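Just so it is clear, the model here is predicted, and its values are computed rather than measured. The sequence lines fix the lettering, A, B, ..., with proteins before strands; numbering per chain opens at 1.
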Amino acid sequence: MEEQYDPKKIEPGWQNEWATSNRFAANETPDAEKYYLLEMFPYPSGKIHIGHVRNYTIGDVVARYKRMMGFNVLHPMGWDAFGLPAENAAIANNTHPARWTRENVEAMKKQLKRLGFSYDWDRELSTCTPEYYRWEQWLFTRMFAKKMAYQKESHVNWCDSCHTVLANEQVENGACWRCGKQVRQKKLKQWFFKITDYAEDLLSWCEKIPGWPEKVTTMQKNWIGKSVGAQIRFPIEGSTRVITVFTTRPDTLYGATFMCLAPEHPLVRSLSKGTDQEEAISEFTERMTHENRSDRSMINFEKEGVFTGAFAVNPMNGRRMPIYTANFALMEYGTGAVMSVPAHDQRDFEFAKKYELPIIPVIRPDGVSIENVALTEAYTGDGEMINSGPFCGLENRRAAGEMVEYFEKNKIGKKTISYRLRDWGISRQRYWGAPIPMIFCDKCGPVPVPDEDLPVLLPEDVDLPVGGGSPLPNLEEFVKTTCPACGLPARRETDTMDTFVESSWYFERYCSPGCDTAMFEKKAVDYWMPVDQYIGGVEHAVLHLLYSRYFTRVLHDLGLVEFKEPFTRLLTQGMVCKETTYCPEHGFLFPEEARSRSEKQYCTKCGHEVVVGRVEKMSKSKKNVIDPNALIDAYGADTVRLFCLFAAPPERDLEWSEQGVEGCFRFLNRIWRIAGLWMPLIKNVVPYDGQADALLVEERRLYVKTHQTIQKVTADIEQRFHFNTAISSVMELVNMMTATDAKKAGDLTCRVMRRAMDTVILLLSPMVPHVAEELWTRMGNGRETISKIAWPSFRDDCLAEDAWLVVVQVNGKLRGRFEINRDADDDAIKNRAMSETNVARFIGDTPIKKVICIKKKLVNIVL
RNA sequence: GCCUGGGUGGCGGAACAGGUAGACGCAAGGGACUUAAAAUCCCUCGGCCCAUAGUGGCUGUACGAGUUCGAUUCUCGUCCCAGGCACCA
C-alpha cells in the first residue's frame with residue numbers, strides 16, 4: 001500500500017456502498033434493543049453550514065457507535081420545509097416557494113451524503129408535503145373538538161417586515177426572532193393552542209428528565225414562570241363592582257395604599273367616566289395603545305400612571321386606595337390589576353415617590369425599627385409583621401398563610417397560582433405554511449374541515465404579492481367553499497400554521513413516515529419512541545423543545561402515544577466560532593482579504609493594518625464563515641468530521657482553526673502510513689488476544705495500552721460524549737505504534753501490532769467512517785462494512801502496567817518519584833519512598849509524624 | 001437585578017472519585033533527511049532562580065480566605081466573561 005492517503009478516491013466509493021446496500025435502514029425488530037437517535041432537522045436554506053456539520057457529526061458518531069454496540073438504531077433525517085425564507089427568496093428570484101424548497105432540499109441532501117452520515121434515507125420527510133401536513137390538520141381538528149385549539153381576539157405581536165404575528169416565545173428583546181425587526185402590538189383574531197393547560201405538568205416534569213442539561217430545564221421553568229399567591233377582591237367605593245388583583249405577597253396587604261390597573265383593563269374607562277380625570281385617562285390609554293410593547297418593557301422605561309378618579313377599599317383596614325392606571329401593569333398577566341405596596345415592592349415604591357402616595361411599612365427586618373425612618377428603597381425581605389392588625393408580631397411568611405385562610409373564610413380572596421406562560425398563538429398571515437383546516441359559516445360559526453376533505457391543500461398556482469403578505473385571502477377559489485355542517489356558502493380560514501407546529505411531531509412521523517391512514521402507526525411509535533438522544537442547538541430551548549413537549553402531551557391525552565416526554569436525553573451543542581478580521585476602512589474582511597506580513601495583517605484593498613477581532617459565532621455579516629464544501633474538497637469528509645469532534649467537547653463552543661484542521665488531516669495521514677508500513681507484516685496474521693503476561697516488555701506495553709485505549713474511548717463516548725478526549729487517547733496509542741520498529745518485529749509483535757491496528761480502526765470508525773472502512777478492508781477483512789463489526793471490548797486483566805509510578809511528597813510537596821512492581825505492599829512502597837535521596841534530604845533529622853500511602857499513586861510524608 | 005454556565009501555558013483543550021497541573025493537538029524554536037523545498041522523523045516548550053544544571057529550588061489553575069497530610073477539584077466571599085430572562089405584581 002504505497003499510495004498516499006487520498007480521501008477523494010475512497011470516500012465516494014463507501015458512500016455509494018452504504019447507499020446501494022441500504023446499510024442504515026432501520027426496521028422494528030422486537031427482540032433487539034432500540035436506540036432512537038435524532039438531530040434537529042434543518043430548514044432547507046440551500047446550503048449546509050458548519051453548525052449543521054458539527055451537529056450531525058456528533059449525532060452520526062453516536063448512531064454508528066450504538067450500532068456497533070448492538071443496538072437497533074433509528075437515525076433519520078428530513079426537512080423543516082415550510083417557512084418564511086422560501087417566500088422571500090421566491091419573490092427575490094421570481095420562482096415558487098415549492099420549487100425553491102425542493103431544489104434546496106436536493107442540494108443539501110447531496111452535501112449531507114458527501115459527509116458520510118449514516119441516515120436511513122428511506123424515512124426522509126418534508127413537512128411541506130400534503131402527506132405530512134394532512135395529519136397536522138387532522139390533529140388540529142381534534143384539538144378544536146377538545147377546545148385545545150381556540151380562537152380569540154387579542155393584542156398580538158406583529159412583525160411588519162414578516163407581515164405576520166408571532167408567539168410570545170418568538171419575540172426576543174422586543175424584536176422578531178427571525179428578522180430582528182421591532183415587534184408592535186396589533187389587535188387581531190387568532191388561533192391559539194391551549195398550552196397553559198399543561199403549564200403545571202410541563203413544569204413539574206422538568207424534574208423528571210434528568211437527561212436534559214439543567215440549563216435548558218431552568219430556562220423552561222423560568223419561561224413557564226409559576227408564582228404562588230392569592231387573588232384578593234377589593235370593593236370600589238360607591239360601586240357594587242370589585243377589582244380582583246393577583247399578588248404573591250398577601251402578607252403585605254395592610255401596606256397596600258393604592259392600586260394600578262393595566263391601561264387595557266376594562267374598568268379603567270368606566271371608572272373614570274364622569275370624573276374630572278376622564279379626559280386625562282382617555283388621553284393616557286390612547287397613548288398606551290400606540291406605545292409599542294417592546295418599549296413598554298424596557299427596564300429604564302419611566303413609570304407613569306394616571307389617577308382614574310375612583311377609590312378602592314382595602315378589605316382589611318378600610319383604607320381608601322386611589323385607583324391608577326399605570327404603564328407597567330400588564331393586562332396579560334394575573335388579573336391585569338395590581339395592589340401596590342410601596343414599602344415592600346421597589347416598583348411600587350418608585351411610583352409612590354413620583355406621585356406622592358403614602359408608604360406604610362408592614363414588615364420589619366428582625367430587630368430593626370423602620371417605622372420612623374424615611375425609606376430610600378423598598379424592603380423586600382422577610383421579618384416581623386407590623387401595622388397589620390391582628391397579624392402583628394407574626395413572622396411574615398406565616399402571616400401570609402394565615403391571611404390567605406382568612407380571605408377564604410371571609411370571601412375576600414383565595415389562594416391562586418399564576419403562570420407567565422401564555423397560550424401559543426399559531427396563526428400566521430403567511431402563504432408558505434400548512435393551512436388551518438377551518439371554515440367560517442355565518443350560520444354555524446367556525447366549523448372544522450371533515451376528515452374526508454383533508455388535506456386542505458395549499459394552492460400552488462399563486463402569485464406572491466411583491467410587498468409581502470399572503471395571496472390566500474384574495475384567492476377566490478381557495479376562500480370560497482361551503483359549510484360542511486349546513487351546506488351554505490362559507491369562507492375558508494386563510495391563515496397558515498406556525499412552522500413550529502410541524503417540528504412538534506416530526507420525530508413521531510419518522511417512525512412510520514409513509515403512513516397514510518394516521519399521523520403515524522401506533523405500533524411503530526410504541527417501538528421507537530421516545531427519542532433516546534436528541535441533539536441540537538440551545539437556541540430552541542424554549543421554542544421548539546417546549547412546543548414539542550406540549551404536543552406530546554396532547555397526543556398522549558388523545559390516546560395516540562403512551563409517553564409524555566418525547567426526548568429522554570438532550571445534548572445542546574455549542575456554536576461554531578471563528579476569529580474576525582476588521583479593516584477600519586472596509587469593515588469585516590474574509591480571511592483571503594487580509595495579507596499577513598511580519599506578524600501583522602494588512603487589508604489587501606487599502607493596505608490598512610487589520611484588527612484581528614474577537615472570536616465570534618460564524619455569520620455571513622462578520623465574514624468569518626467557512627464553507628463545508630470547500631473543506632471537503634481540500635481535506636475530505638473524514639478530516640472535517642474529525643476536527644469538529646476533536647477541537648472541543650460538544651456542549652462547548654468550538655473555535656474554528658484552519659491549522660487545527662490541518663493537524664487532523666496529518667493524523668489520518670499518519671495512520672494511513674503506519675498501516676501501509678505494517679501491512680505486509682500483519683495482513684495475514686491473527687490478532688493477539690491472550691494474556692499480557694505472556695508478552696515481552698515492549699509488546700506488553702503496546703498491548704496494555706491497546707486495552708486501556710478501548711476502555712478510555714468507550715467511557716468517553718458512553719458517559720459524556722467527550723469525543724475530543726477519546727480521539728486524544730487514540731492518538732496516544734498511535735504514537736506508541738509509531739515508536740515500534742517494524743524491522744525488528746517478530747511473530748508475536750506482529751500479532752500484537754495487528755490487534756492495535758484493528759483497535760485504532762474500529763475505535764475511530766464512528767468518527768471517520770470512510771478511512772476506517774478502507775483500512776479495514778485493506779487489512780484483509782473482506783468488504784464487509786465495518787459498522788457490522790462489534791465494538792471492541794477490553795480485558796480487565798490487560799489494563800494494568802507492570803510497574804506503578806509512585807510520586808513522593810514531603811509535607812505535600814513533590815520531592816521524588818520511583819517505579820515499583822505492581823504487587824509491592826504499602827510497607828515496601830513507604831520504605832522505598834523514604835530511601836529516595838532527594839526525599840531523605842528533605843526529611844533530614846526531623847521526626848516523621850505521619851505517612852500517607854495511596855496505592856499506585858503517591859506517598860506523602862508529613863513532618 | 002435574577003437564573004444558568006465559565007475563568008487553567010502563546011492558542012484549542014486534559015486532569016474519570018480531593019492525590020505528579022498542563023494529556024492530546026496547534027503554534028513557536030532547534031536538529032536530522034534533502035542540491036533545495038515540501039512532506040516526514042527526532043528534541044525543547046508555564047514563569048522565575050541556582051558557582052552545585054539536578055530525580056534541583058521557588059512559584060503558578062481569575063482574586064482573597066477556609067477545610068485537608070494534600071485543593072484546578074470541596075466551602076465561603078470578591079472580580080471578570082458568555083448565554084438566558086427581565087417592570088410578571
Side-chain angles (χ1 to χ4, degrees), chain A residues 4 172-173 213-219 221-223 225-227 229 245-249 252 260 262 296-301 303 326-330 332-341 345-348 350-351 418-421 538-539 541-542 574-575 579 615 643 646-649 651-664 666-667 669-670 673 711-712 715-716 719-720 722 724-732 734-735 738 805-818 836-839 841 849-852 854 856-863:
Chain A
Q4 285 223 316
E172 297 171 346
N173 276 327
E214 202 186 297
K215 177 178 154 176
V216 175
T217 43
T218 305
M219 279 165 75
K221 283 187 222 165
N222 291 342
W223 188 264
K226 178 181 182 173
S227 307
V245 305
F246 172 73
T247 180
T248 53
R249 296 292 305 274
T252 63
C260 290
R296 260 177 76 182
S297 61
M298 285 302 189
I299 185 71
N300 48 6
F301 195 72
K303 284 163 194 46
N327 59 350
F328 60 79
L330 306 170
E332 307 86 38
Y333 185 77
T335 61
V338 187
M339 71 171 207
S340 298
V341 187
D345 181 286
Q346 186 58 27
R347 186 193 49 200
D348 295 344
E350 286 167 32
F351 195 85
S418 232
Y419 298 92
R420 211 186 72 116
L421 181 73
V538 73
E539 64 273 17
V542 283
M575 299 182 299
E579 116 190 321
V615 175
F643 178 75
F646 182 62
E651 68 280 2
R652 237 194 282 186
D653 286 351
L654 182 153
E655 190 185 327
W656 196 263
S657 146
E658 190 72 28
Q659 282 154 336
V661 177
E662 205 108 24
C664 287
R666 275 203 292 269
F667 175 61
N669 270 286
R670 197 149 87 243
R673 263 196 318 276
Q711 185 189 36
K712 170 89 172 118
D716 282 346
Q719 289 160 18
R720 304 189 297 172
H722 275 204
N724 57 332
T725 49
I727 294 165
S728 290
S729 56
V730 177
M731 284 173 167
E732 285 182 46
V734 171
N735 287 347
T738 314
L805 180 68
V806 176
V807 297
V808 191
Q809 297 180 337
V810 178
N811 283 338
K813 291 196 173 179
L814 187 68
R815 298 302 178 193
R817 69 190 62 183
F818 59 87
E836 284 292 304
T837 34
N838 201 43
V839 174
R841 211 178 92 205
K849 279 202 192 118
K850 192 154 79 168
V851 179
I852 290 143
I854 309 291
K856 313 171 190 176
K857 289 269 179 181
L858 103 174
V859 175
N860 189 8
I861 298 158
V862 186
L863 302 179

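Glu662(A) comes within 4.0 angstrom of nothing in the nucleic acid, heavy atoms only. Gly663(A) comes within 4.0 angstrom of sugar-phosphate atoms only, judged by non-hydrogen atoms across all strands, and of no base. Within 4.0 Å of Thr247(A), counting heavy atoms only, lie sugar-phosphate atoms of the nucleic acid but no base atom. Residue Pro649(A) is in sugar-phosphate contact alone, with no base atom involved, counting any heavy-atom pair closer than 4.0 Å across all strands shown.
Below the 3.5 angstrom threshold, one finds no donor paired with an acceptor across the side chain of Arg249(A) and the base of A89(B). Judged by atom type and distance alone, Lys850(A) does not reach the base of C69(B) through any side-chain donor-acceptor pair under 3.5 Å. For Asn222(A) against C85(B), no side-chain N or O and base N or O form a donor-acceptor pair under 3.5 Å.
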**Item:** CA sep, side-chain torsions, deciding dist, call: Arg666(A), Asn669(A), side-chain hydrogen bond (donor to acceptor under 3.5 Å, both in side chains)
**Value:** CA-CA 5 Å; Arg666(A) 275 203 292 269; Asn669(A) 270 286; over 6 Å; no
**Message:** Checking Asn222(A) against Arg420(A) for the side-chain hydrogen bond (donor to acceptor under 3.5 Å, both in side chains) test, could you report, in this order, the C-alpha distance in whole Å, the side-chain angles of both residues, the deciding distance, and whether it holds?
**Reply:** CA-CA 8 Å; Asn222(A) 291 342; Arg420(A) 211 186 72 116; over 6 Å; no
**Request:** Apply side chain to side chain contact (heavy atoms under 4.5 Å, CB included) to the pair Glu651(A) and His722(A), showing each step before the final yes or no.
**Result:** CA-CA 9 Å; Glu651(A) 68 280 2; His722(A) 275 204; 3.2 Å; yes
**Message:** For Phe351(A) and Ser340(A): C-alpha separation, side-chain torsions, deciding distance, then whether side chain to side chain contact (heavy atoms under 4.5 Å, CB included) applies.
**Reply:** CA-CA 9 Å; Phe351(A) 195 85; Ser340(A) 298; 5.9 Å; no
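Note: CZ (Phe646(A)) to P (C11(B)) measures 17 Å, nearest angstrom. Rounded to an integer number of Å, the gap from CD of Glu732(A) to P of G22(B) is 13 Å. As a whole-Å value, the separation of Arg666(A) CZ from U40(B) P is 6 Å. Rounded to whole Å, the distance from CG on Asp345(A) to P on G1(B) is 17 Å. Rounded to whole Å, atom P of C88(B) lies 13 Å from atom CG of Asn327(A). Counting to the nearest Å, the C1' atom of A89(B) and the CG atom of Leu330(A) are 9 Å from each other. Note: CD1 (Ile854(A)) to P (G18(B)) measures 13 Å, nearest angstrom. To the nearest angstrom, P of G13(B) lies 9 Å from CG of Asn724(A).
Using N1 to N3 plus N6-O4 or O6-N4 for Watson-Crick, or N1-O2 and O6-N3 for G-U wobble, each under 3.5 Å, C76(B) pairs with G64(B). Across all strands shown, G22(B) forms no Watson-Crick or G-U wobble pair with both distances under 3.5 Å. Shown here, G13(B) forms no base pair; nothing in the strands shown gives a Watson-Crick or G-U wobble contact with both key distances under 3.5 Å. G29(B) is paired with C43(B) under the criterion used here, namely a Watson-Crick or G-U wobble arrangement in which both key atom distances are under 3.5 Å. Base pairing of A51(B) is not made with any nucleotide, judged by Watson-Crick or G-U wobble geometry with both donor-acceptor distances under 3.5 Å. C2(B) and G84(B) make up a base pair, with Watson-Crick or G-U wobble contacts both under 3.5 Å. In this structure U8(B) sits in no base pair that meets the Watson-Crick or G-U test at under 3.5 Å.
Of all nucleotides listed (G13(B), U20(B), U4(B)), G13(B) comes nearest to the side chain of Arg652(A). In this structure, the nucleotide among C41(B), G12(B), A15(B) sitting nearest to the side chain of Arg670(A) is C41(B). Side-chain proximity of Leu805(A) to the nucleotides C69(B), U20(B), C85(B) is greatest for U20(B). Taking only side-chain atoms of Glu655(A), from C-beta outward, the nucleotide of G12(B), U40(B), U4(B) with the closest atom is G12(B). Nearest nucleotide to the Met731(A) side chain, out of G25(B), A15(B), C88(B): G25(B). Distances were taken from every side-chain heavy atom of Gln659(A) (C-beta onward) to each of C85(B), C87(B), C26(B); the shortest belongs to C26(B). Closest to the side chain of Asn860(A), from the set C88(B), C69(B), U20(B), is C69(B). For Val338(A), counting side-chain heavy atoms from C-beta on, the closest listed nucleotide (U40(B), A89(B), C85(B)) is A89(B). Set against G84(B), C41(B), U55(B), the side chain of Asn838(A) has U55(B) as its closest nucleotide.
When the side-chain nitrogen and oxygen atoms of Ser227(A) are compared with OP1 and OP2 of A89(B), one or more of them lie within a distance under 4.0 Å. Between Asn735(A) and G25(B), a side-chain N or O to OP1/OP2 separation shorter than 4.0 Å is present. Distances shown here put a side-chain N or O of Arg420(A) below 4.0 Å from the OP1 or OP2 atom of A86(B). For Lys813(A), a side-chain nitrogen or oxygen approaches OP1 or OP2 of U59(B) to under 4.0 Å. OP1 or OP2 of G57(B) sits under 4.0 Å from a side-chain N or O of Arg815(A).
The same atom, P, is picked in U44(B) and in U55(B); the two are 14 Å apart, to the nearest Å. Rounded to a whole angstrom, the distance from the C1' atom of G60(B) to that of U8(B) is 10 Å. On the C1' atoms, C16(B) is 29 Å away from G10(B), given to the nearest whole Å. Separation of the P atoms belonging to A23(B) and A14(B) is 13 Å when rounded to the nearest angstrom. Comparing C81(B) with A62(B), their C1' atoms are spaced 11 Å from each other, to the whole Å.
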Validation: residues 808-818 of chain A side-chain donor-acceptor distances under 3.5 Å, sequence neighbours left out:
from	atom 1	to	atom 2	distance (Å)
Asn811(A)	OD1	Leu863(A)	N	2.9

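Both Tyr333(A) and Met219(A) lie near RNA chain B, and the one whose nearest nucleotide falls closer to the 5' end is Met219(A). Between Ala337(A) and Ser728(A), the residue anchored closer to the 5' end of RNA chain B is Ser728(A), taking for each the nucleotide with the nearest heavy atom.
Atom CD of Gln711(A) and atom OG of Ser729(A) lie 10.5 Å apart (nearest 0.5 Å). Annotation: the span from Asn724(A) atom CG to Asp716(A) atom CG amounts to 7.5 Å, rounded to 0.5 Å.
Under a 3.5 Å cut-off, the side chain of Asp653(A) and the backbone N or O of Gly574(A) do not form any donor-acceptor pair.
With its glycosidic angle more than 90° from 0, G64(B) is assigned anti.
For Phe667(A) and Phe646(A), the ring centers are positioned 6.0 Å apart or more.
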